[in-house]
Amino acid sequence: MLERAIHPEALRAVVEQSVQETPVLDIHTHIYPEAFGPLCLRGMDELIRYHYLIAETCRANPSVAPEAFFALAPPDQCRHIWKTLFLERSPVSEACRGVLTTLSAFGLDVAARDLARHQAFFAGLSPAEHIERVFELARVSHVVMTNDPFDAAERAVWLEGVERDPRFLPALRVDRLMGAPESVAAALAAAGHAVTSLGALCDTARRFLDEWADRMDPIYLAMSLPSDYTFPEASLRGRMMAECIMPFCRERGLPLALMIGVKRQVNPRLGLAGDAVGRCSVDAVEALCAQSPDVRFLVTLLSRENQHELCVSARKFPNLMPFGCWWFLNNPSIIEEMTLERLELLGLSFIPQHSDARVLDQLVYKWSHSRAVIADVLCRKYDSVLRTGWALTEDEIRRDAEMLLRGNFIQFARIESRVG
Ligand code: RAT
Ligand code: ZN
């Protein structure tokens with residue numbers, strides 16, 4: 001008999017506590033440390049002006065056209081969203097509930113429905129104390145940023161020589177290298193790497209990647225790709241992947257994070273909120289993993305319909321790590337389904353979630369909501385294992401939670417020395 005085996009009746013409490021208390025390493029966000037100045041979005045107005053809520057507002061109140069909405073000053077945009085989504089109807093969507101979970105975690109009076117009071121509270125926090133409190137409330141130890149050297153504002157920060165915050169790990173994001181040849185050339189030129197001929201694009205891109213990897217010291221290279229992405233492919237995008245990205249990742253020992261399935265700008269009038277989802281071909285992921293067994297791939301797919309295929313592919317390729325419930329999948333009902341499916345097909349060898357927080361404070365609700373689902377699903381799986389006569393200890397459950405919430409990523413990305 002196993003010493004200190006958990007009694008089945010104590011199982012739920014132990015699992016919930018383990019998942020709640022294990023600090024998360026959040027592998028994909030859009031938040032930044034204090035030194036990045038205005039790039040670090042935080043506080044009530046930014047929470048309300050999240051693009052998920054903008055899409056919901058334009059839908060709930062079509063009498064204000066997107067152009068009219070974006071023409072409003074930011075405080076008026078906030079008031080309009082608050083009124084439309086929180087006062088004129090009940091805030092039941094995941095993104096609305098998230099705002100309330102966050103306010104409540106900060107100890108604010110959610111029932112008072114007092115936007116101005118909430119704004120005043122967040123305005124009173126300095127960036128340093130704000131970051132500290134959010135990391136504490138969310139129980140997050142580190143976040144991985146999205147660092148785009150093609151973005152002029154972000155590039156300027158890096159070129160000035162920004163002070164590092166070890167809690168924020170860099171990831172080099174290069175969607176712009178996978179566009180049409182002219183747009184790749186224009187993007188490289190704008191970033192200071194003029195392209196002499198289209199034939200030289202891959203070489204120029206490689207020099208660009210080396211320069212930025214030296215400057216940022218990223219923990220992975222990342223890109224989002226449209227739902228029609230294929231590999232191999234007789235196109236610049238195909239050559240870029242085979243002749244530039246793969247050798248770069250291989251030689252520098254950096255994993256490649258692929259986020260596939262976006263249909264960009266199906267409604268450009270909505271700006272950042274105008275993207276949609278499309279089912280992709282997992283064949284491309286399998287071809288990449290088979291052709292480059294020495295490169296590690298972190299993969300998240302946007303379409304619900306692709307999730308089962310991705311799990312099956314991951315069973316075939318140890319260099320493929322599925323991660324997160326991305327964007328439109330980051331809803332409790334789908335997190336539950338995906339996490340169950342992954343546990344059943346992959347055991348504990350996946351990364352169940354990332355937050356994709358665009359606003360610092362979103363770490364609080366995204367992790368609170370996801371942790372609750374992960375704990376519940378784990379409990380159900382452990383329970384069915386205990387029914388066979390197997391026994392589990394508290395330490396084993398803590399070990400498993402640690403793998404899911406941080407360890408699997410740390411090991412796969414080989415960043416033990418960066419996270420202490
Ligand atoms: O989830 C989001 O906010 C999306 O707009 C994107 O950020 C997506 O996660 C991406 O990184 O492209
Ligand atoms: Zn993202």
Side-chain angles (χ1 to χ4, degrees), residues 24-32 36 39-42 46-58 66 70 81 93-96 98-99 102 140 143-151 153-154 168-179 187 218-229 255-278 280 298-304 306 322-332 334-335 338 351-363 365-367 369-370 409:
V24 159
L25 192 161
D26 190 342
I27 85 157
H28 170 61
T29 74
H30 299 260
I31 59 175
Y32 299 90
F36 283 64
L39 288 179
C40 175
L41 303 181
R42 60 189 185 94
E46 299 299 346
L47 268 176
I48 295 289
R49 290 170 62 236
Y50 189 24
H51 69 91
Y52 294 23
L53 291 178
I54 292 176
E56 289 172 31
T57 301
C58 290
F70 288 116
I81 295 172
S93 76
E94 176 63 7
C96 283
V99 173
T102 306
V140 165
V143 301
V144 181
M145 300 178 276
T146 296
N147 301 111
D148 183 356
F150 290 112
D151 179 271
E154 170 143 13
F168 291 79
L169 302 162
L172 177 51
R173 174 85 176 241
V174 289
D175 293 17
R176 298 289 295 275
L177 288 182
M178 300 300 272
I219 61 168
Y220 61 72
L221 181 71
M223 57 181 66
S224 77
L225 291 162
S227 50
D228 65 2
Y229 180 67
L256 175 62
L258 297 173
M259 311 172 74
I260 314 176
V262 191
K263 274 204 287 185
R264 292 278 179 211
Q265 298 296 284
V266 294
N267 185 356
R269 294 173 68 197
L270 288 174
L272 201 53
D275 299 338
V277 54
C280 72
L298 290 151
V299 175
T300 199
L301 304 180
L302 193 50
S303 167
R304 179 186 178 197
N306 279 132
F323 76 94
C325 303
W326 182 24
W327 200 342
F328 308 112
L329 301 171
N330 192 351
N331 299 306
I334 302 180
I335 301 170
M338 284 174 61
I351 297 164
Q353 191 55 307
H354 66 270
S355 76
D356 231 313
R358 280 184 177 268
V359 179
L360 173 67
D361 308 274
Q362 288 171 342
L363 286 180
Y365 90 78
K366 300 234 184 194
W367 282 110
H369 293 187
S370 289
F409 176 71

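Ligands are counted one by one from 1 in listed order, and the atoms in each one are counted from 1 as well. Treat the numbers as computed from the prediction; the structure is a model and nothing was measured.
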### Query
How close does the nearest protein non-hydrogen atom get to atom 6 (C) of ligand 1, and which residue and atom is it?
Arg358 NH2, 3.3 Å
### Query
Does Thr146 reach ligand 1, in the sense of a heavy atom lying below 4.0 Å from it?
no
#### Entry: Atom name, Asp356 (N, O or S, nearest to the Zn ion (ligand 2))
OD1
### Task
Give the residue, atom name and distance (to 0.1 Å) of the protein heavy atom nearest atom 8 (C) of ligand 1.
Trp326 NE1, 3.4 Å
### Task
Would you kindly specify which portion of Arg264 sits under 4.0 Å from ligand 1, judged on non-hydrogen atoms: side chain, backbone, both or neither?
side chain
### Distance in Å, Leu169 CG paired with Tyr220 OH, rounded so as to fall on 0.5 Å steps
9.5 Å
### Message
How far is atom 1 (O) of ligand 1 from the closest protein heavy atom, and which atom is that?
### Response
Tyr52 OH, 2.8 Å
### Task
Classify the angle between the aromatic ring planes of Tyr50 and Tyr52 as parallel (below 30°), tilted (30 to 60°) or perpendicular (above 60°).
parallel
### Message
With heavy-atom distances below 4.0 Å as the criterion, list the atoms of ligand 1 near His30.
### Response
7 (O), 9 (O), 10 (C), 11 (O)
### Message
Are the side chains of Cys325 and Ile334 in contact, using a 4.5 Å heavy-atom criterion?
### Response
no
### Task
Sort out for me which residue in Lys366, Gln362, His30 forms a side chain to side chain donor-acceptor pair (under 3.5 Å) with Asp356.
His30
### Any donor-acceptor N or O pair under 3.5 Å, side chains Asp26, Trp367
yes
### Query
Should Ser224 be counted as touching ligand 1, given the test is an N or O pair under 3.5 Å?
no
### Message
Measuring only between side-chain heavy atoms, which start at C-beta, is Leu172 closer than 4.5 Å to Asn147?
### Response
no
## Note on the structure
Counting from 1 in the order shown, the ligand 1 atoms closer than 4.0 Å to a non-hydrogen atom of His28 are 9 (O), 11 (O)
#### Entry: salt bridge (charged side-chain N to carboxylate O under 4.0 Å, His left out) evaluation trace for Asp175 with Arg173
CA-CA 6 Å; Asp175 293 17; Arg173 174 85 176 241; 2.7 Å; yes
#### Entry: Geometric N/O contact Arg173 with ligand 1, under 3.5 angstrom
yes
